[in-house]
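Notes to accompany the following structure.
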Amino acid sequence: MNTRIKSIRESTGLTQEEFGKRIGAARNTIANYETGNRNPSNTAINSICREFNITEKWLRTGEEPKYAIINDDYTKITVYIDKNDPKARQAIIDYWQLSKNDKELWWKWADKFLKKNDGGK
């Protein structure tokens with residue numbers, strides 16, 4: 001399982017610290033998972049599977065399918081962005097961390113930007 005955890009982290013371009021934040025674990029815990037010095041708890045396994053759309057069976061055994069089936073468009077889009085567009089992924093994370101007031105300012109800017117770029121329609 002340790003090599004599969006490392007492969008998930010590396011394929012997403014995350015550091016051990018960033019990966020840990022995504023699943024609620026410390027950097028050294030992730031390092032121990034990856035070296036096989038520690039086995040993840042069931043809670044950690046569930047977090048990894050949920051966060052990275054990985055099947056529990058694949059994570060535990062390596063048996064396909066690796067990715068869970070996605071049924072709705074929103075989920076498909078977010079998984080695609082997470083795996084294939086690191087700039088968009090970071091923009092989403094940055095937006096999520098904004099204060100309520102900053103989010104309102106961002107949407108005001110976005111509305112003006114979008115109106116400007118659609119010919120003012």
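Every value quoted in this text rests on a predicted model; they were computed, and no experiment measured them.
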Treat each ILVMFWY residue as a node, draw an edge where side-chain heavy atoms are under 4.5 Å apart, and state whether Ile77 and Ile92 are in one component. yes

Arg9: what forms a salt bridge (Lys or Arg N to Asp or Glu O under 4.0 Å) with it, not counting sequence neighbours? Glu34

Which is it for Lys108 and Glu104 under the salt bridge (charged side-chain N to carboxylate O under 4.0 Å, His left out) test, yes or no, and what are the steps along the way? CA-CA 6 Å; Lys108 285 181 185 178; Glu104 289 174 12; 5.8 Å; no

Any chance you could measure Lys21, atom NZ, to Gln16, atom CD, to the nearest 0.5 Å? 13.5 Å

Inter-residue atom distance Ile93.CD1 - Glu18.CD, 0.5 Å rounding: 8.0 Å

Taking the side chain from [X] and the backbone from [Y], do they hold a donor-acceptor pair closer than 3.5 Å?
| X | Y | answer |
| --- | --- | --- |
| Thr55 | Pro65 | yes |
| Thr29 | Ala25 | no |
| Asn84 | Tyr80 | yes |
| Asn32 | Asn28 | yes |

Using a 6.0 Å cut-off, check whether atom [atom1] of [X] has over 12 heavy atoms from anything other than its own residue.
| X | atom1 | value |
| --- | --- | --- |
| Lys57 | NZ | no |
| Lys66 | NZ | yes |
| Lys83 | NZ | yes |

Would you please classify the geometry between the Phe113 ring and the Trp109 ring as parallel, tilted or perpendicular, with 30° and 60° separating the classes? parallel

Distance only, no hydrogens: is a donor on one side chain within 3.5 Å (strictly under) of an acceptor on the other, for Asn101 and Ser99? no

Hydrophobic side-chain clustering at under 4.5 Å (ILVMFWY, transitive links): who's grouped with Leu59? Put none if nobody. Met1, Ile5, Ile8, Leu14, Phe19, Ile23, Ile30, Tyr33, Ile45, Ile48, Phe52, Ile54, Trp58, Tyr67

Which Ile, Leu, Val, Met, Phe, Trp or Tyr residues join Leu105 in one cluster when any pair of side-chain heavy atoms under 4.5 Å counts as a link? none

Please report the shortest heavy-atom distance between Ile81 and Ala88, naming the atom on each side. CG2-CB, 3.7 Å

Would Asp85 and Lys87 satisfy side-chain contact (heavy atoms from CB on, under 4.5 Å), going step by step from the backbone distance to the final call? CA-CA 6 Å; Asp85 194 338; Lys87 286 184 179 182; 4.0 Å; yes

